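We count residues from 1, following the sequence as given. None of the values given here were measured: they were computed from a predicted structure.
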Amino acid sequence: MDGGLFPLPRERADPVPGAVHLPDWLSPAEQRALVEACREWSRPPAGMRTVTLPRGGVMSVRMVCLGWYWYPYGYARTAVDGDGAPVKPFPPELGELAQRAVADAYGSGLQEITGAPGYAPDVAVVNHYAHGTKMGMHRDRDERIDAPVVSLSLGDTCVFRLGNTETRTRPWTDLELRSGDLLVFGGPARFAYHGVMRTLPGTADPALGLEGRLNITVRESGFG
């Protein structure tokens with residue numbers, strides 16, 4: 001029975017066209033290595049910060065960027081709404097991991113997804129969700145190219161809502177994303193509204209040494 005001594009394996013899901021969920025894609029060793037890398041990336045300069053939106057709202061997640069610095073709503077090479085330091089470089093090993101993610105997600109259908117063949121990511125946004133934080137429905141549309149977005153989950157489980165491209169309202173699909181899970185969305189799902197409805201405190205493996213949830217999203221900016 002699921003959840004007993006011999007739990008059933010969690011299976012691949014294709015919740016909407018262009019979106020692929022691969023459970024347990026990262027090994028425990030890969031998860032630990034990424035958590036340690038995130039700790040290093042989060043240090044100043046251009047480290048983890050709280051984001052204030054143009055209308056004065058403050059995002060409950062904290063964020064650090066690599067390669068290009070995301071701010072509402074654009075990209076820069078320096079921490080324009082932070083300490084002004086140059087953004088940290090995009091790690092080649094993270095790019096290789098994201099390329100493998102896209103290949104594993106789409107397999108023989110890779111050629112059918114815009115931007116998947118020759119995927120060349122150059123931006124990472126790392127979000128830390130402390131207990132009780134969430135992220136409202138939004139679209140990732142500040143890039144100049146519609147190549148897929150790669151999303152890696154670490155730490156606490158979350159309820160991720162994947163919506164449609166037209167509105168923040170229904171139809172949507174709720175997914176449970178656990179530590180080690182991969183979600184790739186491209187093609188028809190690339191500009192779908194999505195968000196994190198809630199996290200489930202205490203669901204992370206204590207061996208990670210992580211409180212809350214980390215989400216690493218990797219993208220291709222198209223800026224050249």
Please find the pair of heavy atoms, one from [X] and one from [Y], that lie closest to each other, and give the distance.
{"X": "Leu210", "Y": "Gly155", "answer": "CD2-CA, 3.6 Å"}
{"X": "Leu214", "Y": "Cys38", "answer": "CD1-CB, 3.8 Å"}
{"X": "Gly163", "Y": "Ala192", "answer": "O-CB, 3.6 Å"}
{"X": "Thr114", "Y": "Pro148", "answer": "O-CD, 3.6 Å"}

**Asked** So, Trp25 and Asp181: side-chain donor and acceptor under 3.5 Å apart, yes or no?
**Response**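 Asp181 and Trp25 do not have a side-chain donor-acceptor pair below 3.5 Å.
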**Message:** Can you confirm whether the side chains of Gln31 and Ser179 place a donor and an acceptor under 3.5 Å from each other?
**Reply:** yes
[X]: which other cluster members, linking ILVMFWY side chains closer than 4.5 Å, directly or transitively?
{"X": "Tyr193", "answer": "Met137, Val159, Met197"}
{"X": "Ile145", "answer": "none"}
{"X": "Tyr129", "answer": "Val16, Val51, Leu53, Met59, Val61, Met63, Trp68, Trp70, Tyr73, Tyr75, Val123, Val125, Met135, Val149, Phe160, Leu162, Leu175, Leu177, Leu183, Phe185, Val196, Phe223"}

So, the side chain of [X] versus the backbone of [Y]: is there a donor-acceptor pair under 3.5 Å, distance only?
{"X": "Lys134", "Y": "Thr199", "value": "no"}
{"X": "Glu220", "Y": "Ala147", "value": "no"}
{"X": "Tyr106", "Y": "Ala101", "value": "no"}

For [X], salt bridge (charged side-chain N to carboxylate O under 4.0 Å, His left out) partners two or more places apart:
{"X": "Asp140", "answer": "Arg219"}
{"X": "Glu176", "answer": "Arg178"}
{"X": "Arg198", "answer": "none"}
{"X": "Asp81", "answer": "Arg49"}

With sequence neighbours excluded, residues passing side-chain contact (heavy atoms from CB on, under 4.5 Å) with [X]:
{"X": "Thr203", "value": "Asp156, Thr157, Leu200"}
{"X": "Arg43", "value": "Glu40"}
{"X": "Ala29", "value": "Ser27, Arg32"}
{"X": "Ala33", "value": "none"}

**Request:** Sort and list the pairs that fulfil salt bridge (Lys or Arg N to Asp or Glu O under 4.0 Å) and have at least one residue in residues 158-172, not counting sequence neighbours.
**Result:**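 Residue pairs passing salt bridge (Lys or Arg N to Asp or Glu O under 4.0 Å), neighbours aside: Arg161-Asp174.
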**Request:** Please indicate whether Glu93 has more than 12 foreign heavy atoms, meaning atoms of other residues, nucleotides or ligands, lying under 6.0 Å from its CD.
**Result:** yes
**Message:** Is it true that, when you exclude Glu211 itself, more than 12 heavy atoms of the residues, nucleotides or ligands shown sit nearer than 6.0 Å to its CD?
**Reply:**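 Counting other residues, nucleotides and ligands, CD of Glu211 stays at 12 neighbours or fewer.
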